[in-house]
Amino acid sequence: VVPRLCERHRQQQSVSRTFPVNAAARNANLVREALLLEGWPDQIAQRLAGTIVQETADGSIDMVAAVGADAAAERRRASIDRISGGPLAFNAWAERMASLRRATAGHAPTRAVLEAIMLCDYSHATFDQPLNLSGHRFPGGVRFDGCTFASDFTVSGGRFLDEVSFERAEFRGEAGFEGATFVKAD
């Protein structure tokens, strides 16, 4: 009887030792999938994906900005490109990102990296034409810091699932938030 218990104990130890490796691989795959959805250049994606392998992510810092200024600029470019596709394409992207975010439950380092990737960063952009984001669902944080809205800005019926910032934004036209919801997602 004793040898069986020892064998069973050895098997349980083996399973518990392999779980973190499998979890790390799963989390790295979640980050890679998010980066593929973004379409970022390989060199930036590889540097950012490396942060999750090292598990150095800290929710108090922006992991994309920590990777480098080129990564932050690429995120801004991707954010602006994404809204030009209209609400259907944007919301399809948003739903996939929200799904990836839910899959990181219980793993703060992976979640921090994903939240940095999915941040919609429009900081310091100038929108000369009316910007209508009505019906858009934002799965992560949104930054409009330092933006200039030379014409009307509308997010009627929009849904924001994380923090939104308009610090030092300038509105020269009408701004409409009718029916927009602001909810902090888990």
Side-chain angles (χ1 to χ4, degrees), residues 27 29-41 44-45 48 57 59 61-65 67 71-108 110-186:
N27 290 328
N29 285 336
L30 291 172
V31 170
R32 281 189 206 93
E33 185 174 345
L35 291 168
L36 285 172
L37 284 169
E38 290 298 301
W40 291 5
I44 294 172
L48 188 57
I61 63 170
D62 180 345
M63 290 307 299
V64 171
V67 168
E74 185 60 31
R75 178 176 56 197
R76 275 192 296 282
R77 183 209 53 78
S79 295
I80 290 171
D81 286 353
R82 206 176 301 108
I83 60 172
S84 66
L88 289 177
F90 185 92
N91 290 342
W93 165 85
E95 182 52 41
R96 187 63 196 130
M97 286 301 220
S99 174
L100 291 173
R101 182 183 193 172
R102 287 187 298 274
T104 64
H107 195 264
T110 304
R111 178 165 279 208
V113 173
L114 281 175
E115 287 177 350
I117 293 168
M118 74 173 64
L119 174 78
C120 293
D121 187 359
Y122 308 104
S123 296
H124 307 288
T126 298
F127 298 97
D128 293 320
Q129 302 298 316
L131 182 59
N132 185 346
L133 300 177
S134 295
H136 284 65
R137 295 185 310 260
F138 294 88
V142 184
R143 289 186 192 153
F144 289 104
D145 299 341
C147 283
T148 301
F149 300 96
S151 191
D152 295 346
F153 172 77
T154 307
V155 288
S156 299
R159 185 169 172 88
F160 298 90
L161 299 179
D162 210 328
E163 295 178 6
V164 181
S165 176
F166 287 91
E167 190 172 319
R168 295 182 307 279
E170 182 181 349
F171 295 89
R172 296 182 185 161
E174 297 288 321
F177 293 87
E178 184 177 325
T181 56
F182 299 85
V183 180
K184 178 73 171 165
D186 293 334

Rounded distance (nearest 0.5 Å) linking atom [atom1] of [X] with atom [atom2] of [Y]:
{"X": "T148", "Y": "F153", "atom1": "OG1", "atom2": "CZ", "result": "12.5 Å"}
{"X": "N132", "Y": "D152", "atom1": "CG", "atom2": "CG", "result": "9.5 Å"}
{"X": "F144", "Y": "L131", "atom1": "CZ", "atom2": "CG", "result": "6.5 Å"}
{"X": "M97", "Y": "R102", "atom1": "CE", "atom2": "CZ", "result": "12.5 Å"}
{"X": "D162", "Y": "M118", "atom1": "CG", "atom2": "CE", "result": "8.5 Å"}
{"X": "F149", "Y": "T126", "atom1": "CZ", "atom2": "OG1", "result": "9.5 Å"}

Distance-minimising heavy-atom pair for [X] and [Y]:
{"X": "L119", "Y": "V142", "value": "CD1-N, 3.8 Å"}
{"X": "I80", "Y": "I83", "value": "O-CG1, 3.2 Å"}
{"X": "P87", "Y": "S134", "value": "CB-O, 4.2 Å"}
{"X": "L114", "Y": "L100", "value": "CD1-O, 3.6 Å"}
{"X": "D81", "Y": "S84", "value": "O-OG, 2.5 Å"}

Show the numbers, then the answer: is there a side-chain contact (heavy atoms from CB on, under 4.5 Å) between F138 and L133? CA-CA 10 Å; F138 294 88; L133 300 177; 4.0 Å; yes
Has R137 got a side-chain atom pairing as donor or acceptor with A94's backbone, closer than 3.5 angstrom?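 Not confirmed, R137 side chain does not pair with A94 backbone.
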When you measure from the side chain of R111 to the backbone N and O of R101, does any donor-acceptor pair fall under 3.5 Å?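 At least one qualifying donor-acceptor pair exists.
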Can you check side-chain contact (heavy atoms from CB on, under 4.5 Å) on V155 and H136, steps first, answer last? CA-CA 7 Å; V155 288; H136 284 65; over 6 Å; no
Evaluate whether atom CD of E174 has more than 12 neighbouring non-hydrogen atoms of other residues, nucleotides or ligands under 6.0 angstrom away.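 12 or below, so no.
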I'd like to know whether CD of E163 has more than 12 heavy-atom contacts from other residues, nucleotides or ligands below 6.0 angstrom.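 No.
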Ring center gap for F166 and F177 short of 6.0 angstrom: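 So the answer is yes for these two rings.
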Mind telling me whether Y122 and F127 have parallel, tilted or perpendicular rings, with 30° and 60° as the class edges?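 Answer is perpendicular, since the angle exceeds 60°.
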Quick one about S79 and R76 (side-chain donor to acceptor, distance below 3.5 Å, no hydrogens or angles considered), yes or no?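 Distance-only check fails for R76 and S79.
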